[in-house]
Protein chains: 2
Amino acid sequence: MVPMQNNLDVKFTNFIQNIFLLPDDVLEDVIMHFQHLEHPKNHILLQQGKTCKHLWFMTKGAARYFYTNEEGKEMNTWFSLDTQVIADTTSLVSQEPSEENIQFLEDSEMYSIEYSVLQSLLQKHHSFALWYIKLIEQHYVAQIEDRIADLQFLNATERYQKLLSLYPEITNRISLGNISSYLNITQETLSRIRAGKF
Amino acid sequence: MVPMQNNLDVKFTNFIQNIFLLPDDVLEDVIMHFQHLEHPKNHILLQQGKTCKHLWFMTKGAARYFYTNEEGKEMNTWFSLDTQVIADTTSLVSQEPSEENIQFLEDSEMYSIEYSVLQSLLQKHHSFALWYIKLIEQHYVAQIEDRIADLQFLNATERYQKLLSLYPEITNRISLGNISSYLNITQETLSRIRAGKF
DNA sequence: AACCTTTTTTGATGTATATCAAAAGAAAAA
DNA sequence: TTTTTCTTTTGATATACATCAAAAAAGGTT
């Protein structure tokens with residue numbers, strides 16, 4: 001249960017209200033079902049094989065999504081920086097075991113809501129269901145389709161440049177190994193790209 | 001406006017009801033806002049640069065999503081076969097111009113609903129909003145995330161085999177050139193994969 | 001500062017898949 | 001059937017990026 005006085009909470013409510021404006025009473029009912037959390041760097045938020053039981057709204061920090069392949073190599077599938085929704089969507093919506101891990105790359109702050117609570121709020125408030133539709137549309141569909149196009153049509157150098165233009169500060173916050181894995185290239189190749197060797 | 005007597009319509013209402021069960025009165029209100037359409041092979045349903053103003057439920061047929069790149073080459077991004085939702089989701093939800101075309105690869109049948117009508121039905125019926133959430137979750141998120149994983153982690157041969165296991169009859173319905181473009185490989189490479197040369 | 005650990009860079013070589021050119025096969029048209 | 005057109009296959013070569021090995025640089029720790 002979240003008291004609504006301090007700055008962080010204002011940031012969070014703005015995040016919620018920017019997705020789709022909720023009536024005051026609904027906003028209040030929704031917000032009070034969120035829990036404020038902090039997790040340190042390296043904390044594993046969701047583990048491969050476990051079902052994703054929460055939806056998180058990160059207000060500060062950085063996280064990676066990754067899975068460990070047959071050879072034991074960790075492959076990053078996604079990054080979230082600062083104000084972002086976090087969840088393994090596939091596992092959350094199906095309530096089946098996740099195929100990936102979610103781990104923080106910085107000390108991070110977030111608000112969480114349980115899947116069952118989310119479902120009952122969707123049943124309870126028509127406006128919250130409309131809000132959730134906007135959330136999915138904006139945060140999953142748009143971003144994800146973009147990523148498909150990148151993987152399908154851009155080469156390694158172009159993928160890196162696009163990531164840089166989207167997150168100019170990413171190289172100060174996330175290691176080259178983690179970035180290269182997300183870009184689907186090796187660390188060596190990314191190093192050469194940065195040195196301008198292609 | 002759709003009379004609900006014949007077989008095709010039953011197939012369509014089943015499709016709707018399988019996503020999420022709607023109360024009879026809501027189902028009736030929803031169904032009557034759909035229009036039945038047929039389009040011949042090669043018909044362009046949506047053109048690059050035009051905004052996607054409809055959501056379609058294909059009940060029979062085949063379609064491809066593609067865009068034309070700088071060199072004038074057509075690149076397939078998606079296939080839909082038989083009972084499937086069709087739309088350029090990014091364009092539909094943003095109501096901004098589409099970056100891709102949608103074209104039929106066979107004579108096809110479908111039901112369509114206009115974007116603005118869809119929006120007003122979402123406002124009007126809480127249960128229809130819950131239905132739409134399930135639709136997005138099942139038809140966009142799950143499929144799309146799977147495609148990212150395929151592009152990121154499978155090689156050309158594995159991508160082809162996975163497509164075959166999902167649509168065993170695809171080679172009889174869709175040309176090798178169209179399939180290879182979707183798999184993000186050349187026609188020559190796909191031909192060699194099929195001949196077992198890798 | 002010196003030491004240890006992690007991250008990044010460099011070099012040599014290998015591999016999956018692309019490109020270009022042309023032949024073979026299948027489908028459609030005359 | 002013959003001709004034309006479109007689709008698929010084959011061969012030779014090129015290229016983007018991976019892999020393996022090792023050195024260099026950067027961060028942390030005592």
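Reminder, nothing fancy here: chain letters follow the sequence lines and each chain counts from 1.
Ion pair A:D82/A:K60 not flagged as a salt bridge, since none of the NZ, NE, NH1 or NH2 atoms sits closer than 4.0 Å to an Asp/Glu carboxylate oxygen. Salt-bridge formation is not detected for the pair A:K50/A:D88: no Lys NZ or Arg NE/NH1/NH2 atom is positioned less than 4.0 Å from an Asp or Glu carboxylate oxygen.
The CD atom of B:E74 sits 11 Å away from the P atom of D:dT7 (whole-angstrom rounding). The interatomic distance linking B:L105 (CG) with D:dT7 (P) rounds to 12 Å, in whole Å. Distance B:I193 CD1 to D:dT10 P: 14 Å, rounded to the nearest Å. Between A:L176 atom CG and C:dT10 atom P there is a gap of 12 Å when expressed in whole angstrom units. A straight line from CG of A:N155 to P of C:dA18 spans 14 Å, rounded to a whole angstrom. Here D:dT8 presents its C1' atom at 16 Å from CG of B:L183, a figure rounded to the nearest Å. Between the P atom of D:dA16 and the CD atom of A:E158 lies a distance of 11 Å, rounded to the nearest Å. Rounded to whole Å, atom C1' of D:dA18 lies 11 Å from atom CG of A:N184.
Taking side-chain N and O atoms only, B:T186 has a distance below 4.0 Å to OP1 or OP2 of C:dA18. Here A:T189 does not reach the OP1 or OP2 of D:dC17: none of its side-chain N or O atoms lies under 4.0 Å away.
In the interface, the side chain of A:R192 is paired with the base of D:dT19 through a donor and an acceptor atom under 3.5 Å apart. For a distance-only test at 3.5 Å, the side chain of A:R194 fails to qualify as a donor-acceptor partner of the base of C:dT10.
Set against D:dT10, C:dT17, C:dT8, the side chain of A:S191 has C:dT8 as its closest nucleotide. Listed nucleotides: D:dT8, C:dT10, D:dC17. Nearest to the side chain of B:Q187: D:dT8. Closest to the A:E188 side chain, of the nucleotides D:dT19, D:dT9, C:dT19, is D:dT19.
Annotation: side chain of B:H36 is in contact with side chain of B:E109 (closest heavy-atom distance under 4.5 Å).
Here the closest heavy-atom approach between residue B:P97 and residue B:S91 is recorded as C-OG, 4.0 Å.
Looking at heavy-atom distances under 4.0 Å, A:N178 makes no contact with the nucleic acid at all.
For the pair B:R159 and B:Y182, the cation does not sit on the ring face, since its NZ or CZ is not both under 6.0 Å from the ring centre and inside 45° of the axis.
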